[in-house]
Amino acid sequence: MTALLAVDDLSVAFNGRRVVQGVSFQVQPGETVALVGESGSGKSVTALSALRLLAAAGSNPSGSIVLDGVDVLHADEPALQHLRGGVAGMVFQEPMTSLNPLHHIGQQVAEAITLHQPLAGEALRARVLDLLHQAGLANAEERLEAYPHQLSGGQRQRVMIAAALANDPKLLIADEPTTALDVTIQAQILALLETLKRERGLALLLITHNLEIVRQHADRVVVMQHGLAVEQGRVAEVFAAPRHAYTRMLLATQPRGRPAPVPADAEELLRAEDMRVHFPIKRGLLRRVVGAVKAVDGVSLALHAGETLGLVGESGSGKTTLGLALLRLQASTGAITFEGQRIEALTARAMRPLRARMQVVFQDPYGSLSPRLSAGEIVGEGLEVHAPGLTQAEREARVAAALEEVGLEATSAQRYPHEFSGGQRQRLAIARALVLKPRFLVLDEPTSALDVSVQAQVVELLRGLQARYRLAYLFISHDLRVVRALAHRILVLKDGRVVEMGEAERLTAAPEQPYTRALMAAAFDLRVGEA
Amino acid sequence: MTPLNARRLANFRANRRGWYSLWVFLGLFVFTLGAEFIANDRPLLVWLDGRLLVPVMRDYAESDLLADGLPTEADWHDSTLVAEVEQRGWMLWPALPYAYRTVIRDLGRPSPAPPSWRNPLGTDDQARDVLARVIYGLRLAILFGFTLTLASSAIGIAAGAVQGFYGGTTDLLFQRFIELWSGMPQLYLLIILGSIVQPGFWVLLLFLLAFSWMALTGVVRAEFLRGRNLDYVRAARALGVSDVRMMWRHILPNAMVATLTFLPFILSGSVTILATLDFLGFGFPPGYPSLGELLSQGKNNLQAPWLAFTGFCVLGVVLTLLIFIGEAVRDAFDPRRLPGGGR
């Protein structure tokens, strides 16, 4: 059997820097091959090269790529046009930016068809509908005229898949197709790809950093590191007996373990009752309030010193809003008690002394550090506000101590955020919070933007800090694996309401509510739950 | 110097055109700052009967110099006085023996007189040396432009920052005010003003400032609206950082790139508006050395092309230099630019 896609000794360089070095692999018809690696390992570049989609300037692919019998690297434009979309379809990571926001989804799918087939009028419409149905878009008929922003992330990804399938390709290249999606939607999209593959005998080149997806959906896997394919083989074999150290490391670094138990005598640090955050909806000429988006709707919770409360839920469930409301960074109603003091009515000035003891770490380590300040200035800022009496030398010493605490060198205080890697930046953000010796920390998806191995390190760091300082964490995440590794109790949020709250062990093992069950199934087994 | 500033300087220097323009401009500016020592109708130094006089720094009465002199201010171009002083000592003249207001009485030709060795750029229609007027006029234009730009930027940035940072009602009211205010007919107001008071340097500056500060508010407001929701600004808020400090330290530096992009245009605009008003006759009162007035004379004396030509060249060169420098400054503050100017 000849391979559908045969990549042989592929190298790609940007401005002289080699990002892919001598990668070889094959994709047989009807088979799923996963390209796995951390960010910067060259997996996307490899996949894009297969259709010569990289910008011509700077990239000088060498080696050979044969797709469906055509030499891609030496093919002329018309031949490439036929390959793109005709033989191989492509699905990208971010469904919001890969669809044109100014065109109906119907038009966008139709465009993919008309590029390769002379269809028009009713026949075209019927074909578009057929494709959208196949891609599992509900009410496709009514949604033909919808714009991308009117669809959810999962629906947009289905449109992308429909467009990719428009010309019955033999190969589907999916570049992190589910990374931007919620776990339950991720499970649905993966199930859809599985079905399509079975029905059409489609080959799938799946690019992902999620090893669980690889384990469950791929036949063969290519592990990439620094542009090299360090290991490849059948998924079962590679996972059972990884030969290369990097693969072993990847497999071993899944977040695991459990947090240290909360001491029995731990005092209650934070209590919130009946928290509500409503955003008014205004309509009409007079901007009358006609209703409210209930971002957080009647949530009560309590948190003890040294305890982690995991806050899970899908995007839009109000997790982040609740976290910000507890810190009084978001207007809300409901009673908040912190260290035995009612804080919901305090003015910004009265809140200021308390801020040293309640801190926050945000999701995106690239956005949460000011690019214009050095690491030392970023970490030291809180001290300037809360301990203005410190001398320059004392402040520098405290900053250095905080940096070392999170595993950074004290000398890195001179450097600027862009000189740090993603994981280091997140450590820096944690150091900024820690330098004030807080007791309560809101962690808003602190690991989501990080690679798996780095995720595990950050989880380890957070656990260690909690044990040492008896910190209370409100850990917001959609990644239940990480939550399970950190949280003592879990609170499941849906549409601003509490679905279920309980001990982490029990909740992950035996959830009571159907919604929680669906969430767990999607997160741990990548299965579409029954709810 | 922090590494960031070092990189900015490197980026600034990498824009060769801007770098050289800066030096040319600085050279011109420093040169014109010493205008009194280059072009003046008084000697720099006078040695008279064993006394050293410094007419360029202080006034002397004729009676101080001559035994039979009147107690009025000495006219150093007066031939009797010159002859007398030369006999009893010596005089050191500046390179150009005329100030911007010196009327050359012994021109020997009808004014405006064409360029000659005596008047390298000719004279205007009131027999004043054009080069001297250009030197003084350039100094006034640059100083006026800088002051206006700095003041209007400071006010504009502060106003935009407050609007963008607080948003909501503050923003709404401020925006409506700006719309009303920018609808005011500037020129008419200036004509009315001119009929009430004599517009000197500061009056004109304050008046133009009242309208020019709005140039930057829009752009700064937009940057602040965007910036106030950035994660690191929220992190600063969570740290308990005060509003002013948050604006100043966290949002403003990022708004500065957009601001600096506008700055050269505001600066050249300020120079231009002064020239325009002078050209129309609504600017500084007659007698001030002004590039606009030079252009206006050029228009009225088409038979003397050196007037219009000089005015055009001086304004053109200054504005071009300012734009080149502005471009280099913008490059320097661009965080995406790699050291050495690459991207």
Side-chain angles (χ1 to χ4, degrees), chain A residues 15 320 323-324 326-330 348-374 376-388 414-419 425 428-430 432-433 435-436 438 440-442 444-445 449, chain B residues 1-11 161 165-172 223-224 226-260 330 332-343:
Chain A
N15 302 325
T320 299
L324 293 179
L326 288 174
L327 294 172
R328 295 274 333 273
L329 290 173
Q330 166 70 56
R349 189 176 294 275
M351 273 304 292
R352 200 161 291 158
L354 291 177
R355 296 242 174 258
R357 301 200 292 283
M358 48 203 299
Q359 274 302 306
V360 59
V361 175
F362 290 103
Q363 168 175 4
D364 178 8
Y366 291 85
S368 66
L369 304 175
S370 174
R372 314 244 167 198
L373 298 180
S374 72
E377 287 172 305
I378 288 170
V379 177
E381 171 140 52
L383 290 175
E384 286 175 40
V385 174
H386 292 284
Q414 306 299 326
R415 289 156 64 195
Y416 283 81
H418 69 265
E419 296 171 67
R425 281 160 172 253
L428 204 53
I430 295 171
R432 165 172 61 190
V435 76
L436 294 172
F440 168 50
L441 213 51
V442 172
D444 188 358
E445 308 249 12
Chain B
M1 190 155 48
T2 63
L4 187 62
N5 282 336
R7 202 188 68 179
R8 284 172 179 165
L9 187 66
N11 277 342
F165 189 77
Y166 292 105
T169 320
T170 317
D171 185 31
L172 194 80
E223 285 291 329
F224 271 71
R226 188 176 70 86
R228 67 176 181 158
N229 286 326
L230 290 178
D231 270 353
Y232 59 82
V233 177
R234 286 205 293 196
R237 202 188 287 273
L239 282 173
V241 174
S242 68
D243 287 357
V244 173
R245 190 188 161 100
M246 229 178 319
M247 288 193 238
W248 179 257
R249 192 163 183 201
H250 292 272
I251 314 182
L252 188 63
N254 294 295
M256 278 321 270
V257 172
T259 309
L260 285 167
R330 191 188 58 202
F333 278 85
D334 187 345
R336 286 165 304 174
R337 216 162 255 272
L338 302 171
R343 262 184 191 269

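So that the names make sense, note that chain A is the first sequence line, chain B the second, and so on, each numbered from 1. Everything numeric in this text was worked out from a predicted model, so none of it was measured. All values below were derived from every heavy atom in this structure, side-chain atoms included, with hydrogens, water molecules and symmetry-related copies excluded.
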Which atoms of [X] approach chain B - backbone, side chain, both or neither, heavy atom under 4.5 Å:
X        : answer
A:Arg432 : both
A:Glu384 : side chain
A:Leu324 : side chain
A:Leu327 : neither

Would you say the side chain of [Y] lies within less than 4.5 Å of the side chain of [X], judging by non-hydrogen atoms?
X        : Y        : answer
A:Val435 : A:Glu381 : no
A:Gln359 : B:Leu239 : yes
B:Phe165 : B:Thr170 : no

Let me confirm one number: the CG-OH distance from A:Asp364 to B:Tyr232, rounded to the nearest 0.5 Å.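 That separation rounds to 11.5 Å.
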
Could you check which of B:Arg237, B:Arg234, B:Arg249 has the highest count of heavy-atom pairs closer than 4.5 Å to chain A? B:Arg249

Are the side chain of A:Arg425 and the backbone N or O of A:Pro417 linked by a donor-acceptor pair below 3.5 Å? yes

